[in-house]
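What follows is one structure encoded as structure tokens, with my remarks underneath.
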There are 2 protein chains.
Amino acid sequence: MTPGRKSRTVRKAVPARSRKPKRDAEATRERIFAAATREFASHGFGGARVDRISKRAKTFDRMLYYHFGNKEQLFRVVLEGAYEDLWAAEERLDLARADPVAGLRELIAFTWQYYVDHPEFIRLLNSENLQQGRNVRRSTRVGKLSSPFIRIISDLLARGAKEGVFRSGVDPLKLYITIAALGYFYVSNRYTLTHFLGADLMGEKARKAWLAHITDVVLASIAAA
Amino acid sequence: MTPGRKSRTVRKAVPARSRKPKRDAEATRERIFAAATREFASHGFGGARVDRISKRAKTFDRMLYYHFGNKEQLFRVVLEGAYEDLWAAEERLDLARADPVAGLRELIAFTWQYYVDHPEFIRLLNSENLQQGRNVRRSTRVGKLSSPFIRIISDLLARGAKEGVFRSGVDPLKLYITIAALGYFYVSNRYTLTHFLGADLMGEKARKAWLAHITDVVLASIAAA
DNA sequence: ACGATTATTCAGTGAATTCTTAATTGTGGC
DNA sequence: GCCACAATTAAGAATTCACTGAATAATCGT
């Protein structure tokens, strides 16, 4: 990174001040990735347009193919990123030593808040399910890995049952799907629900009420007899 | 599948020699409607192709525009039809005099089975929510009507509370969304869930188990204290 | 300094896509 | 039988689409 290099062109040697490299593959790739995430989440795979992606990424269509191969592979990378972001956030929760009831409450609240904060995750998953899971199946990056929450729920259930606060014999997978379903559906179907049920489902008050509700539902379903 | 019928043409009583008329606007419209339902459900609005619709309907692109105006209006009619089919089926249940617990069980089972039998309904709704509900908002046919189940649930809850089998003060809207969520999510996300959780979620055994599970969850959440 | 490699820019290409103009054909009313 | 109109064909305009070949420019190892 020695300066110097005074050549014929007036390309002034950039002093110590912020020198933004004219070419930065990683940054370009990142901008395309971000733009693609937004585009696929907004329009689904079929409705997404590569020219809108490259435009928003302030680059050219060609770069999309240079860095990602084609539209489908780009979608796959975006989807993988969405899963990895969620799982990383789930890992960070660390409920290994939490009180079972408090821990489960926290897990439910986290899941709900993640959906609220990341509607693009939900839209990407919906697009992937519309495509019958072809991209997760082909993905080498997410493979057959799965949410850390499955084993965390298993652990909480086991400890809670030993303490006598939860029923024994609760299926962790079913519980996981239940928690996901109650949050996911509400966010995913917010527009049709809002239209037909009238009320503003996404105001702060309504959101808090829904979290309280799903927490009650889940806890009631596994409470010790 | 109920298409949007504007025309009140009464089909001529067919003479003994059942002759198929060379032109039958209603039948053509119906074929386009059916093909469009399938296409929109398979690929979403953005991924749907009008030439695939007209081809499957065994007619020409032009007829789609002749009968429905454009792709978007056709989607709207398809979506309206999907809602009306569901609501009509819900009406037919008639739980007005059912025992509250048995009635609610039946309502849950019906909702679940409807989703299982009509994945296209779920896909259409997902596409509509991807579009932020623009079509339901513009629809004159479904307007601000809503599922008959809201008032049926209200009724069951009121009677169940009076009989002392349900808590009082349960919000019918929340209960409705809860029941819908638990069935909808499972079917909507079947491909990603199946991939990451391994098991075959849609085998008969798994389906029955899930219905039993959501029934337990819902009933536990409203059981009298 | 210089060649090799990587990254970016540019200018398409052919196929696909929605929708239209317009000719043609069948149907029911009289 | 004949007409007005509804319904169907047919052909294509206009545009958009995903994707590519190739020239150019920056960067790096040596």
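Treat the numbers as computed from the prediction; the structure is a model and nothing was measured. Just so it is clear: chains get the letters A, B, ... in the order the sequence lines come, proteins before strands, and each one is counted from 1.
For the pair B/Glu39 CD and C/dT18 C1', the interatomic distance rounds to 14 Å; values are reported in whole Å. Atom CG of A/Asn70 and atom P of D/dC17 are 17 Å apart (whole Å). Atom CZ in A/Phe68 sits about 18 Å away from atom C1' in D/dT20, given to the nearest Å. The distance between atom CZ of A/Arg49 and atom P of C/dA16, rounded to the nearest whole Å, is 15 Å. As a whole-Å value, the separation of B/Glu26 CD from D/dA7 P is 9 Å. Rounded to an integer number of Å, the gap from A/Leu74 CG to D/dC19 C1' is 13 Å. What separates CG of B/Asp24 from P of C/dG28 is a distance of 10 Å, to the nearest Å. Rounded to an integer number of Å, the gap from B/His67 NE2 to D/dA7 P is 6 Å.
Closest to the side chain of A/Asp51, from the set C/dT8, D/dC17, C/dT17, is D/dC17.
Using a 4.0 Å cut-off between charged side-chain N and carboxylate O, B/Lys208 and B/Glu204 make a salt bridge. A salt bridge links B/Arg151 with B/Glu91: the distance from a Lys NZ or Arg NE/NH1/NH2 to an Asp or Glu carboxylate oxygen falls below 4.0 Å.
Closest approach of A/Gly47 and A/Glu39 over heavy atoms only: O-OE2, 4.1 Å. A pairwise comparison of heavy atoms in B/Phe75 and B/Glu128 identifies CE2-OE1, 3.6 Å as the closest pair. Across all their heavy atoms, A/Ile53 and A/Ala35 have their closest contact at O-CB, 3.5 Å.
Listed by residue number, the members of residues 52-66 of chain B with any heavy atom below 4.0 angstrom from DNA chain C are B/Asp61, B/Arg62, B/Tyr65.
Residue-level contact check: A/Ala27 touches neither bases nor backbone, having no heavy atom under 4.0 Å from any strand.
Annotation for A/Lys55: atom NZ does not count as buried by contact number, only 12 or fewer foreign heavy atoms lying within 6.0 Å.
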